[in-house]
*Asks:* 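Supplied in structure tokens, the structure appears directly below.
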Amino acid sequence: MDSYPRVLHDAVIDWYDNHARELPWRGLEATPWSVMVSELMLQQTPVARVLPVHALWLERWPTPADLAGESTGEAVRMWGRLGYPRRALRLHAAAIAIVERHGGEVPASYDDLLALPGVGDYTASAIASFAFGQRHVVLDTNVRRVLTRVVTGEEFPAPAVTRAERDVATALLPDDPATAATWAVATMELGALVCTARQPACHACPVAEACAWRGAGFPAYDGPPRRGQAWAGTDRQCRGRIMALVRENDAVTAAQVEAAWPTTDQRERCLAGLVDDGLLTQTTPGRWALPG
DNA sequence: TACTCGTGGTT
DNA sequence: TAACCAAGAGT
């Protein structure tokens, strides 16, 4: 049983060495800051959409201090259409914290990373692992799906990370830090490129022979319903409309906002919420803009 | 714990 | 084509 994980490690890492995408936040030239910016942007956002924005951010703000010296509004504007714009505020706040608490250098310790705005367990582990070569369990949606299928034999993981799931990931983590870091990024890449949610390419999978889900005949998901994300008519859609407006105009009037979202109660609620979040400021009565 | 928070490509 | 999905975090 001891040799089982190592066979798995070797197969996945060898596959990664031959099939990994070349991404700007990987490789030797990538700074910890570049890794950190990518991780915040990649939270719930596909790689293809992150690539151009990440390049713009790193060109304009190559260090945390560069971003910390900017206004939050400019960070939100440069965030573009990545979605969840509060992440731009959190990244900006994290840059300030890094300057104040860590001398302008992205901290290497998991605990210091976790204490930064917008950095949760996944992101702290990912930065510590990818940027600093440390040994951490990195549990993102890709890794969770890969391990659930290969080890547990089910199609999809539970809605939230379970204790058993973390135990599996911990047991499989290679002892050597450098190998663990490669294992982490390799399992993520396998989930992103081969062991995908909808149509897994098992014919291209380096561990297909060992996959419990495949061995069981691909039983369909049998867990609690995975709730979808409602969109039409939600506050999120309303907020998105308003933010799109202020990104494209220096300032917007009440009439413009009303044209973008006719429902009065919801419009007012979302405007207030955006101001409360710090994504918007009311410059004068009936006039809004990105925060200066 | 369960819910909220954007956006757009894919099937 | 409506539904699903995408390197989660905060509350």
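No experiment lies behind these values; they were computed from the predicted model shown. Lettering of chains follows the sequences in order, A, B, ..., and the numbering in each one begins at 1.
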*Asks:* Of A:A244 and A:A160, whose closest DNA chain B nucleotide lies nearer the 5' terminus?
*Replies:*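 Whichever sits nearer the 5' end wins; that is A:A160.
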
*Asks:* When you compare B:dT10 with C:dA7, how far apart are their P atoms, in angstrom units rounded to a whole number?
*Replies:*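 B:dT10 and C:dA7 have their P atoms separated by 14 Å.
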
*Asks:* If you draw a 6.0 Å radius around CZ in A:R21, do more than 12 non-hydrogen atoms from other residues or ligands fall strictly inside?
*Replies:*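 Yes, CZ of A:R21 has more than 12 neighbouring heavy atoms, counting only those of other groups under 6.0 Å.
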
*Asks:* Rounded to whole Å, please give me the gap between CZ in A:R90 and P in B:dG6.
*Replies:*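 It works out to 9 Å between those atoms.
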
*Asks:* Step by step, work out the salt bridge (charged side-chain N to carboxylate O under 4.0 Å, His left out) result for A:R166 and A:D121.
*Replies:* CA-CA 12 Å; A:R166 186 166 290 278; A:D121 169 70; 3.2 Å; yes

*Asks:* Can you measure A:R81 atom CZ to B:dC5 atom P for me and round it to whole angstrom units?
*Replies:*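 Atom CZ in A:R81 sits about 18 Å away from atom P in B:dC5.
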
*Asks:* With heavy atoms under 4.0 Å as the rule, sort A:A197 into base, sugar-phosphate or nothing.
*Replies:*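 Sugar-phosphate: the residue A:A197, judged by heavy atoms under 4.0 Å, touches backbone atoms but no base.
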
*Asks:* Start with the C-alpha gap between A:R60 and A:L56, add the side-chain angles, then the distance that decides, and say whether side chain to side chain contact (heavy atoms under 4.5 Å, CB included) holds.
*Replies:* CA-CA 6 Å; A:R60 180 159 175 182; A:L56 286 174; over 6 Å; no

*Asks:* Can you tell me how far C1' of B:dG6 sits from CZ of A:R236, to the nearest Å?
*Replies:*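 It is 6 Å, rounded to the nearest whole Å.
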
*Asks:* Identify whether any heavy atom of A:G83 sits under 4.0 Å from a base atom; if not, whether one sits that close to sugar-phosphate; answer base, sugar-phosphate or nothing.
*Replies:*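 If one applies the 4.0 Å heavy-atom cut-off, A:G83 turns out to touch a base.
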
*Asks:* Categorize A:V119 for me: base, sugar-phosphate, or nothing, with a 4.0 angstrom heavy-atom threshold over every strand shown.
*Replies:*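 A:V119: backbone/sugar contact only, no base atoms under 4.0 Å.
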
*Asks:* If you assign A:V161 and A:L274 each to the DNA chain B nucleotide with the nearest heavy atom, which residue ends up on the more 5' nucleotide?
*Replies:*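 Its nearest nucleotide being more 5', the pick is A:V161.
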
*Asks:* So is A:R26 actually on top of A:F130's ring, under 6.0 Å and inside 45° of the axis?
*Replies:*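 No - A:R26 does not lie over the ring of A:F130 by the 6.0 Å and 45° rule.
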
*Asks:* Closest approach of A:D250 and A:R77, non-hydrogen atoms and distance?
*Replies:*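 What the structure gives for the nearest pair is OD1-NH2, 4.4 Å.
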
*Asks:* With the side chain counted from C-beta on, respond yes when A:R149 and A:C195 share a heavy-atom pair under 4.5 Å apart, and no when they do not.
*Replies:*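 The answer is yes, as the side chains (C-beta and beyond) meet within the 4.5 Å cut-off.
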
*Asks:* How is A:T141 classified with respect to the nucleic acid when contacts are heavy atoms under 4.0 Å: base, sugar-phosphate, or nothing?
*Replies:*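 Sugar-phosphate contact only - A:T141 comes under 4.0 Å of backbone atoms but never of a base.
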
*Asks:* Cluster question for you: counting only ILVMFWY and a side-chain heavy-atom cut-off of under 4.5 Å, with indirect links fine, are A:Y110 and A:W183 together?
*Replies:*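 Looking at the clustering, A:W183 is in a separate group from A:Y110.
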
*Asks:* Pick the closest DNA chain C nucleotide for A:R198 and for A:V185 by heavy atoms, then say which residue is nearer the 5' end.
*Replies:*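 Its nearest nucleotide being more 5', the pick is A:R198.
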
*Asks:* Among residues 14-46 of chain A, which residues get a heavy atom nearer than 4.0 Å to DNA chain C?
*Replies:*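 Nucleic-acid contacts, sorted: A:R21, A:L23, A:W25, A:R26, A:E39, A:L42, A:Q43, A:Q44, A:P46.
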
*Asks:* Base, sugar-phosphate or nothing for A:Q229? Non-hydrogen atoms, less than 4.0 Å.
*Replies:*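 Answer is base: heavy atoms of A:Q229 come under 4.0 Å of a base.
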
*Asks:* Check the distance between B:dC5's C1' and A:R86's CZ and give it to me in whole angstrom.
*Replies:*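 Rounded to whole Å, this separation is 5 Å.
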
*Asks:* On DNA chain C, which is the earliest and which the latest nucleotide, 5' to 3', with an atom closer than 4.0 Å to a heavy atom of chain A?
*Replies:*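 Nucleotide range with atoms under 4.0 Å of chain A: C:dC4 to C:dG10.
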
*Asks:* Measure CZ/A:R239 against C1'/B:dG6 and give the value in whole Å, please.
*Replies:*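 So the CZ-C1' distance, A:R239 to B:dG6, works out to 9 Å.
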
*Asks:* Tell me whether the rings of A:W57 and A:W61 are parallel (<30°), tilted (30 to 60°) or perpendicular (>60°).
*Replies:*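 Perpendicular, since the angle between the ring planes exceeds 60°.
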
*Asks:* Do the side chains of A:T141 and A:Q44 get nearer than 4.5 Å, heavy atoms only?
*Replies:*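 A side-chain contact under 4.5 Å is absent here.
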
*Asks:* Using a cut-off of 4.0 Å on non-hydrogen atoms, how would the nucleic acid contact of A:P85 be classed: base, sugar-phosphate, or nothing?
*Replies:*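 Here A:P85 touches the backbone only, sparing every base.
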
*Asks:* Rounded to the nearest Å, what distance is computed from the CZ atom of residue A:R241 to the P atom of nucleotide B:dG6?
*Replies:*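 After rounding, the reported distance stands at 14 Å.
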
*Asks:* With a 4.0 Å limit, can you tell me whether A:R247 has a side-chain N or O closer than that to the phosphate oxygens OP1/OP2 of B:dT7?
*Replies:*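 Affirmative; the distance criterion is met.
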
*Asks:* Is there side-chain contact between A:V106 and A:L113, with heavy atoms separated by less than 4.5 Å?
*Replies:*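 Side-chain contact under 4.5 Å: yes.
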
*Asks:* Remember a base hit wins even if backbone is also touched, and classify A:D121 as base, sugar-phosphate or nothing at under 4.0 Å, heavy atoms.
*Replies:*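 Sugar-phosphate, backbone atoms only, no base.
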
*Asks:* Please classify the nucleic acid contact of A:R49 as base, sugar-phosphate, or nothing, using heavy-atom distances under 4.0 Å.
*Replies:*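 Counting heavy atoms under 4.0 Å across all strands, the contact made by A:R49 includes a base.
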
*Asks:* Say we look at B:dG8 and C:dA9: how far apart would their P atoms be, to the nearest angstrom?
*Replies:*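 Those two atoms are separated by 23 Å.
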
